[in-house]
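Step one of this worksheet: look at the structure below.
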Number of protein chains: 2
Amino acid sequence: MSVKLVTTDKQKRIARYAKAMGHPVRVYVLELLSNQSCCYSGDLSDELPIAKSTLSQHLKELKEAGLIQGEIESPRIKYCINKENWKEAQLLFKQFMGI
Amino acid sequence: MSVKLVTTDKQKRIARYAKAMGHPVRVYVLELLSNQSCCYSGDLSDELPIAKSTLSQHLKELKEAGLIQGEIESPRIKYCINKENWKEAQLLFKQFMGI
DNA sequence: CATACTGTTCGTAAATTTGCGAACAAAGAT
DNA sequence: ATCTTTGTTCGCAAATTTACGAACAGTATG
């Protein structure tokens, strides 16, 4: 009878990032922000067929997962990729998926 | 006033795969199966500190997302990566994350 | 100061996810 | 034919996710 192994920290971080990417709207936002530089919440709201409160929630999730960050630029908020963590996510997925 | 754009099929597929990868146990399983060849449910059950019914559910999710497949090899079931879809996932994430 | 604009937070509802143990099904072994 | 092994399915509960509109807060503008 062996001691049960548990998942590693790396696996947990991969899962955390993957979970944040697990919704089409959030993929859309990440794709936009990783390709071009930054954007405002309003720009997204114009293009996405969801309530702005719902969008705000998705952005919050991405923020909490560490994938994006928001910078106040009154009266708007400029969202950008969190470069450091995006880089970590790239590395983790590269290793994980063998790409 | 412009027609609202919606997320693309590609984004939906990325989100679908990401969602399936969004749990440490499922990352663990995928990592195992993508590195080595295949394994049995029992092998996983021995190492993971979860009920076998819970493991079965996780495997079902990975199956439904198309990332793994199970082959009956009585009395056990041999799980392998679904190579075709795994390859698609690799490609999608490569493009998506720029890696 | 009142108004408009931008975006978050709150309250709510419905759906989904996660997890467990018990019951079940299929196939081999005794 | 019964028992054992392997893994799924069922039934349930708790937590989380998704979504919306209304209300709110902060900052500019008239």
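Every chain is numbered from 1, with letters handed out A, B, ... down the list of sequences.
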Decide whether Leu32(B) and Ile68(B) are clustered together by the hydrophobic rule: side chain heavy atoms of Ile, Leu, Val, Met, Phe, Trp, Tyr closer than 4.5 Å, transitively. yes
Gap between atoms CZ and C1', on Arg26(A) and dT18(D) respectively (whole Å): 9 Å
Mind checking if Lys78(A) touches a base, just sugar-phosphate, or nothing, with heavy atoms under 4.0 Å? nothing
Let me have a per-nucleotide readout for nucleotides 19-25 of chain C, 5' to 3', with B, S or -, counting only protein heavy atoms under 4.0 Å. BBBB---
Does a sphere of radius 6.0 Å around CD in Glu84(B) hold more than 12 heavy atoms from other residues, nucleotides or ligands, not counting ones at 6.0 Å or beyond? no
Provide, to the nearest angstrom, the distance between the CG atom belonging to Leu55(B) and the C1' atom belonging to dG7(D). 9 Å
Rounded distance (Å) that lies between atom P of dT18(C) and atom CG of Leu48(B): 15 Å
Closest heavy-atom pair, Met97(A) versus Gln90(B), reported as atoms and distance to 0.1 Å, is O-NE2, 2.7 Å
Let me check something: do Leu55(A) and Leu30(A) share a hydrophobic cluster, defined by ILVMFWY side-chain heavy atoms less than 4.5 Å apart, either directly or through other members? yes
With a 4.0 Å cut-off on N to O distance, would you call Lys10(B) and Glu31(A) a salt bridge? no
Rounded to the Å, how far apart are Ile77(A) CD1 and dT27(D) C1'? 11 Å
Let me know, please, whether Tyr79(B) or Ser74(A) comes out on the 5' side of the other along DNA chain D by nearest nucleotide. Tyr79(B)
Glu61(B) CD to dT17(D) C1', in whole Å, measures 13 Å
Which residues in residues 62-73 of chain B have a heavy atom closer than 4.0 Å to any atom of DNA chain C? none
Does the plane of the ring in Trp86(A) sit parallel, tilted or perpendicular to the ring in Phe96(B)? Use 30° and 60° as the thresholds. perpendicular
Hydrophobic clusters here meaning ILVMFWY residues chained together by side-chain heavy-atom distances under 4.5 Å, can you tell me if Leu91(A) and Tyr17(A) are in one? no
Rounded distance (Å) that lies between atom P of dT6(C) and atom CG of Asp43(A): 10 Å
Applying side chain to side chain contact (heavy atoms under 4.5 Å, CB included) between Cys38(B) and each of Glu73(B), Gln69(B), Lys78(B), Glu71(B), report the one that passes. Lys78(B)
Atom CZ of Arg76(B) and atom P of dA29(C): how far apart are they, to the nearest Å? 12 Å
Counting any heavy atom closer than 4.0 Å, what does Ser56(B) reach on the DNA or RNA strands: base, sugar-phosphate only, or nothing? base
Between Ile50(A) and Tyr79(A), is there shared hydrophobic-cluster membership here, with clusters defined by ILVMFWY side-chain heavy atoms closer than 4.5 Å? yes
